Amino acid sequence: MENNLSIWFSKRPKWLQIAATRLYYKRKLIEEDLSKIVSYCKQEAEGKEIPIKTGFPNISFIGNTKTNLRLLSISGIKGINALAPNKPLEFGNKDISVIYGKNGSGKSGYVRLLKLICGARTSENILHNVFDLEEKEKKAKIVYEKDGVEKSIEWIDRGICQDLKSLDIFDTMFGDIFVNQEDEVSYEPLILSFFSDLINVCEKVSRLLDQEKCQYRAVKQNMPSEYIDTDEACWYNFINSDTKQESVDKYCLIKEDIYDEIEALRQRLAEKDPLERARNIRLQIQYIDSIIDDADKFIWQLSTEKHQELISALKKYDSQKLLSDKTIKKVFEGSKLEGIGSEEWKSLWEAARAYSVNKAYIDNEYPNTDENSLCVLCHQPLSNEAKERFVSFEEFVKGNIEKE
């Protein structure tokens with residue numbers, strides 16, 4: 001029978017073999033175990049290999065009534081409730097051993113440990129010492145005698161000792177099963193119990209897969225109104241599970257020239273603050289435009305054409321300056337007083353002009369050089385030399401030569 005069972009399991013899906021093996025060794029699978037089994041199930045459905053060894057011992061579900069088994073001691077306890085014994089708990093070599101102690105001395109802790117090690121039907125989770133800030137690994141050393149041979153195991157966390165699986169642990173919780181939970185079938189062979197638990201595991205895996213499937217249920221998005229009359233929209237409205245890959249490629253294949261546009265759009269959509277980003281870009285554009293304007297201005301200022309223009313202007317300036325110097329020399333040549341042409345002198349000249357055109361010679365231009373004209377300052381008759389000097393002074397003050 002045992003060999004047939006192993007052959008049957010070897011032909012099952014790999015995820016089911018893993019689930020059965022874990023259930024056999026751990027007796028009860030937690031949420032983390034179920035999550036991993038779901039993952040293995042999906043991997044196998046995708047055709048991926050799962051490199052995990054599976055299988056049971058040769059005498060997994062066959063009891064041996066001829067075996068003599070005696071529990072001798074428990075020691076080396078760490079991380080189990082508040083148990084911290086200095087000496088092993090010894091059961092002796094008699095048929096009956098009585099363990100007694102005050103409330104809170106640890107009797108129930110030893111019972112919980114034994115139920116986990118032996119794989120009892122009513123096993124409970126073991127917690128660490130709540131007063132110990134450091135959570136330690138749960139472990140203990142079990143010494144027992146089997147068929148007259150003393151053996152020992154180092155138990156860690158939730159493992160089950162195969163040699164001790166035949167031990168029955170009776171406590172108040174186990175008695176409640178028979179008193180409060182008894183039904184028509186009060187006894188179930190170990191192998192049937194195992195398959196019942198395996199069925200429950202499969203049902204939980206199925207529910208988890210259904211939940212995950214609902215999360216990824218496809219929802220067809222509405223086509224934007226501006227594309228509703230296109231060929232692509234008509235095709236999109238009728239796609240279903242029977243749509244061929246060739247048809248999908250025809251209508252959904254993205255052209256190479258729009259990949260850059262798509263990437264730019266993705267970057268814009270990924271922007272956390274698009275308004276601030278746009279403002280910064282505008283400022284950068286303004287700054288770059290100002291640099292371009294400055295560069296254009298400098299290029300124009302440093303161009304050959306501009307240089308030729310400047311050289312021509314300098315030559316013209318030198319020519320006009322020479323003429324101006326000659327004229328000024330002629331104007332002020334022979335002056336008998338210092339300061340001719342100064343700002344003070346110009347102020348005096350402007351005042352004389354204002355007096356001449358507004359009072360003395362209203363109908364004549366300044367300076368008035370008509371016959372019998374008088375100096376507006378000293379009221380003396382003007383000689384021909386004085387008239388020429390007045391005219392040259394006026395030409396200088398008007399600044400035509402200087403302007404040129």
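Just so it is clear, the model here is predicted, and its values are computed rather than measured. The chain is numbered in sequence order, starting from 1.
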Quiz item: Hey, does the side chain of Arg70 reach the backbone of Asn93 with a donor-acceptor pair shorter than 3.5 angstrom?
Solution: yes
Quiz item: Is any side-chain heavy atom of Asp289 closer than 4.5 Å to a side-chain heavy atom of Ile285?
Solution: yes
Practice problem: For atom CD of Glu46, decide whether the heavy atoms of other residues, nucleotides or ligands shown that lie under 6.0 angstrom number more than 12. | Solution: yes
Quiz prompt | Any donor-acceptor N/O pair, Asp147 side chain to Asn68 backbone, under 3.5 Å | solution = yes
Quiz item: Mind checking whether Leu209 and Val205 have side chains closer than 4.5 Å, heavy atoms only?
Solution: yes
Exercise. Would you confirm whether Ser247, through its side chain, and Lys244, through its main-chain N or O, come within 3.5 Å as a donor-acceptor pair?
Key: no
Quiz item: Does atom CD of Glu365 have more than 12 heavy-atom neighbours from other groups under 6.0 Å away?
Solution: no
Quiz item: Can you list every pair that meets salt bridge (Lys or Arg N to Asp or Glu O under 4.0 Å) and has a residue in residues 348-361, with sequence neighbours left out?
Solution: Glu350-Arg353, Arg353-Glu394
Quiz item: Counting N and O atoms only, with roles assigned by atom type, does the side chain of Ser75 sit under 3.5 Å from a partner on the main chain of Pro88, one being a donor and the other an acceptor?
Solution: no
Practice problem: Hey, can you tell me if Tyr251 and Trp235 have their rings parallel, tilted or perpendicular (30° and 60° cut-offs)? | Solution: parallel
Exercise. May I ask you to decide if Thr54's main-chain N or O and Gln17's side chain share a donor-acceptor pair within less than 3.5 Å?
Key: no
Self-check item: Glu44 side chain to Lys14 backbone, donor-acceptor under 3.5 Å
Solution: yes
Self-check item: Parallel, tilted or perpendicular: ring planes of Phe195 versus Phe9, cut at 30 and 60 degrees
Solution: parallel
Quiz item: Got Asp294 and Phe298 here, is their nearest side-chain heavy-atom distance under 4.5 Å?
Solution: yes
Quiz prompt | Short side-chain donor-acceptor distance under 3.5 Å, Asp249 and Gln245 | solution = yes
Exercise. For the residue pair Trp349 and Tyr366, categorise the inter-ring angle as parallel (less than 30°), tilted (30 to 60°) or perpendicular (more than 60°).
Key: perpendicular
